Amino acid sequence: MVHQQSSRPRLSPSGDTEDIVALLAPRLAHFAGVARTEHVTRAAQEMNVPQSTLSRALVRLEQDLGVDLFVRRGRTLALTVAGRTFLGSVERALAEVERAADEVRADADPATGKVAFGFLHTMGAETVPGLLHAFRADHPRVRFSLVQNYGEAMLERLRAGELDLCLTSPVPDAPDLVARRLDEQKLRLVVPADHALAGRRRIRLAEAADENFVTLEPGYGLRRITDALCKEAGFRPRVAFEGEEAETLRGLVAAGLGVALLPPPAVPRPGVVELTVTAPRAAREIGVAWLAGRTDTPPVAAFKRFLLSRRGGLLPS
């Protein structure tokens, strides 16, 4: 038996895939329902659609494909070879759509939904675990997809729809984003324990003008803040090493390879001394950002309200 070719007008084989999908997609469920029952009337009753609508959908589907999918036998229908081939792929496609619909509905469920949440590396050891613990006291089954990255990378993922919310610094100012300042974190000058400045408790940043600095790489928010503070103090930092993670920089300082401007550690690091910077004022703002105009699912809205309620108390004391 060979596939029966229809002489009716059909889509060009070289037609745009998106055009083909747009034409075929609404008719696939109708096709599958009729193929399952082999009877238009019964399929129409099961699917709760008018029989005339179903009949027209099948005719148009065959016209779009340029292939006969059914053989008519009185009031019943039987699949052609082409119809059986098409049905296998249609059933897999419909099952995948159903699975995807179930997944997104589950993610939006107020009690058990999911929040895609991004945050800075420096907030991963203590701040974010504490926030999640407190939030889940009232929302114990909400799930989280967590992403640690530097600020600009997180904002890119926010714009791409991969994140719902992110904690970042500096607080972004962009027309396509909404951002709210939540807290401020003081920065300290970290020096090796055997450094000449290690006996001090406070320091003006200008006093470190001749030191080698270890910093985060360009593009990181903390690097921009470091450069700006040094400029305000009247010098350009002599950068000896660049890294991607604050605790790695502390290790480099402990090894005597330079000094660094860093937020406080979650756990004190041996081999370094952390000095309060008295001038210029050394601090970074921490804020939460989200995409402007995006409708929040209930779990995202709940977590956003929770974060905004922590203004001034976001960071561990």
Side-chain angles (χ1 to χ4, degrees), residues 119-131 133 148-154 167-171 181-287 310 312-317:
F119 52 93
L120 301 168
H121 288 285
T122 51
M123 311 196 78
E126 190 174 8
T127 300
V128 168
L131 290 172
H133 177 77
Q148 289 179 267
N149 215 321
Y150 66 97
E152 286 301 321
M154 282 195 298
L167 285 181
T168 188
S169 178
V171 180
R181 181 186 182 277
L182 296 180
D183 215 334
E184 182 181 87
Q185 188 175 48
K186 291 183 179 179
L187 303 179
R188 300 168 177 173
L189 185 70
V190 185
V191 303
D194 59 357
H195 194 279
L197 296 172
R200 302 270 297 274
R201 293 183 59 188
R202 294 177 173 81
I203 189 172
R204 291 179 295 106
L205 189 56
E207 296 178 72
D210 294 330
E211 301 290 338
N212 288 326
F213 275 73
V214 296
T215 71
L216 295 178
E217 293 178 349
Y220 284 69
L222 187 56
R223 171 61 180 271
R224 294 199 300 275
I225 293 170
T226 296
D227 290 345
L229 287 172
C230 291
K231 181 178 181 181
E232 188 176 349
F235 69 96
R236 182 175 181 177
R238 185 169 61 239
V239 177
F241 294 91
E242 296 176 334
E244 297 180 345
E245 209 277 321
E247 288 311 302
T248 300
L249 300 188
R250 269 195 177 81
L252 295 174
V253 173
L257 299 175
V259 302
L261 275 171
L262 295 172
V267 178
R269 174 74 181 251
V272 301
V273 173
E274 311 217 357
L275 309 179
T276 299
V277 178
T278 58
R281 188 169 181 275
R284 65 172 181 172
E285 291 186 336
I286 306 294
R310 308 284 289 205
L314 181 78
L315 304 172
S317 55

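Everything numeric in this text was worked out from a predicted model, so none of it was measured.
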Are the side chains of Leu222 and Leu262 in contact, using a 4.5 Å heavy-atom criterion? yes
Do Arg223 and Asp227 meet the salt-bridge criterion of a basic N to acidic O distance under 4.0 Å? yes
Exercise: identify the closest heavy-atom pair between Ala233 and Pro280: CB-CD, 3.9 Å
Nearest heavy atoms of Pro264 and Lys186, plus distance in Å: CD-O, 3.3 Å
Over 12 foreign heavy atoms within 6.0 Å of CZ, Arg281: no
How many angstroms lie between atom CD of Gln185 and atom CD1 of Ile225, to the nearest 0.5 angstrom? 9.5 Å
For the residue pair Ala208 and Leu189, what are the closest heavy atoms and their distance? CB-CD2, 3.9 Å
Taking only Lys NZ, Arg NE, NH1 and NH2, and the carboxylate oxygens of Asp or Glu, determine whether Arg250 and Glu274 approach each other closer than 4.0 Å. yes
Would you say CZ of Arg200 has more than 12 non-hydrogen atoms from neighbouring residues, nucleotides or ligands within 6.0 angstrom? yes
Heavy-atom side-chain contact between Cys230 and Leu205 under 4.5 Å: yes
Rounded to the nearest 0.5 Å, how far does CG of Leu314 lie from CG of Leu182? 5.5 Å
With the side chain counted from C-beta on, respond yes when Phe213 and Arg238 share a heavy-atom pair under 4.5 Å apart, and no when they do not. no
Which residues pass the side-chain contact (heavy atoms from CB on, under 4.5 Å) test with Pro268, sequence neighbours left out? none
Validation row: Glu244, Tyr220 side chains within 4.5 angstrom (heavy atoms): yes
Can you check whether Met154 reaches Leu167 side chain to side chain, under 4.5 Å on heavy atoms? no
Which of Val214, Val259, Val190 passes side chain to side chain contact (heavy atoms under 4.5 Å, CB included) with Leu252? It is Val214
Report yes or no: does Asn212 contribute a side-chain atom to a donor-acceptor pair with the main-chain N or O of Ala240 at less than 3.5 Å? no
Distance in Å, Glu207 CD paired with Thr278 OG1, rounded so as to fall on 0.5 Å steps: 7.5 Å
Tell me the closest heavy-atom pair linking Val253 and Ala260, and the distance in Å. CG2-CB, 3.9 Å
Any chance you could lay out the side chain to side chain contact (heavy atoms under 4.5 Å, CB included) test for Val191 and Glu211, step after step, and finish with the verdict? CA-CA 10 Å; Val191 303; Glu211 301 290 338; over 6 Å; no
Closest non-hydrogen atoms of Ala198 and Val273, given as atom of the first, atom of the second and distance, are O-CG1, 3.6 Å
Using modelled atom types and a 3.5 Å cut-off, is there a donor and acceptor pairing between side-chain atoms of Thr215 and backbone atoms of Glu242? no
Nearest heavy-atom pair of Thr122 and Ala246: which atoms, and what distance? CG2-CB, 3.5 Å
Within the side chain of Arg284, is there an N or O that forms a donor-acceptor pair under 3.5 Å with the backbone of Pro170? no
Rounded to the nearest 0.5 Å, what's the gap from CG on Leu315 to CD on Glu184? Could you check? 9.5 Å
Distance (rounded to the nearest 0.5 Å) between Thr226 OG1 and Leu216 CG: 7.0 Å
Distance from Leu187 atom CG to Leu275 atom CG, nearest 0.5 Å? 13.0 Å
